Amino acid sequence: ADDETMAVVVEGRKIALYRSEGQFFATDNVCTHAYALLSDGFLEEGCIECPLHQARFDIRTGKALCEPATEDVATYPVRVDGNDVFVAI
């Protein structure tokens, strides 16, 4: 569903998979500020909020939007084919 987040592992890498406004996005699942899983955070209007210290990231670009995070999170291309979602690492 929209504004849902899911933790997945792709080629041994922890990825957060998001659906926002009918589109899928993927980022690293670990906050760049402190070890917290972004997939446990709050997704709203294309931004994920870290559950630990409330750092926010744009899920489309990975850009860190506020402190305490100052480093962007990595993003990955996503392709949907029918019911399958593919993340390119």
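Worth knowing before you read on, the calculation uses all heavy atoms, side chains too, and leaves out hydrogens, waters and symmetry mates. The structure displayed is predicted, hence computed values, not measured ones.
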Q) Going from NE2 on His53 to CD on Glu67, what distance comes out if it is rounded to the nearest 0.5 angstrom? A) 13.0 Å
Q: Apply side chain to side chain contact (heavy atoms under 4.5 Å, CB included) to Thr61 and Thr75, showing your working.
A: CA-CA 7 Å; Thr61 65; Thr75 60; 5.7 Å; no
Q) Counting distance only, does the side-chain N/O of Asp58 pair as donor-acceptor with the main-chain N or O of Cys47 below 3.5 Å? A) no
Q | ILVMFWY cluster, Met6 and Val87 together (side-chain gap under 4.5 Å) | A | yes
(Q) Restricting to non-hydrogen atoms, name the atom on Leu52 and the atom on Ala36 that form the minimum distance, rounded to 0.1 Å. (A) CB-CB, 3.7 Å
**Q.** Pair Leu17-Val10, side chain to side chain contact (heavy atoms under 4.5 Å, CB included): steps then yes or no
**A.** CA-CA 11 Å; Leu17 184 64; Val10 178; over 6 Å; no
Q. Are the side chain of Asn29 and the backbone of Leu38 linked by a donor-acceptor contact shorter than 3.5 Å?
A. yes
(Q) On a heavy-atom basis, which atom in Arg19 and which in Leu43 lie closest, and how many Å separate them? (A) O-CD2, 3.8 Å
Q. Heavy-atom count around Gln54 CD within 6.0 Å, excluding the residue itself: above 12?
A. yes
Q. If you look at every heavy atom in Ala16 and Thr5, which pair is closest and at what distance?
A. CB-CG2, 4.5 Å
Q) Side-chain heavy atoms under 4.5 angstrom apart, residues restricted to Ile, Leu, Val, Met, Phe, Trp, Tyr: same cluster for Val80 and Phe86? A) no
Q | Rounded distance (nearest 0.5 Å) linking atom SG of Cys31 with atom CZ of Phe57 | A | 4.0 Å
Q: Check the pair Asp3, Phe42 against side chain to side chain contact (heavy atoms under 4.5 Å, CB included), reporting the backbone distance first and the verdict last.
A: CA-CA 9 Å; Asp3 294 326; Phe42 181 68; over 6 Å; no
Q) So, Thr32 side chain and Glu71 main chain: donor-acceptor pair closer than 3.5 Å or not? A) yes
Q.
Apply side chain to side chain contact (heavy atoms under 4.5 Å, CB included) to residues Tyr18 and Thr27 and explain how you reach the verdict.
A. CA-CA 8 Å; Tyr18 314 95; Thr27 69; 2.8 Å; yes
Q.
Please report the interatomic distance CZ(Phe25) to CD1(Ile48), rounded to the nearest 0.5 Å.
A. 12.5 Å
Q. With side chains defined as the heavy atoms from C-beta onward, is the minimum distance between Val9 and Ile15 less than 4.5 Å?
A. no
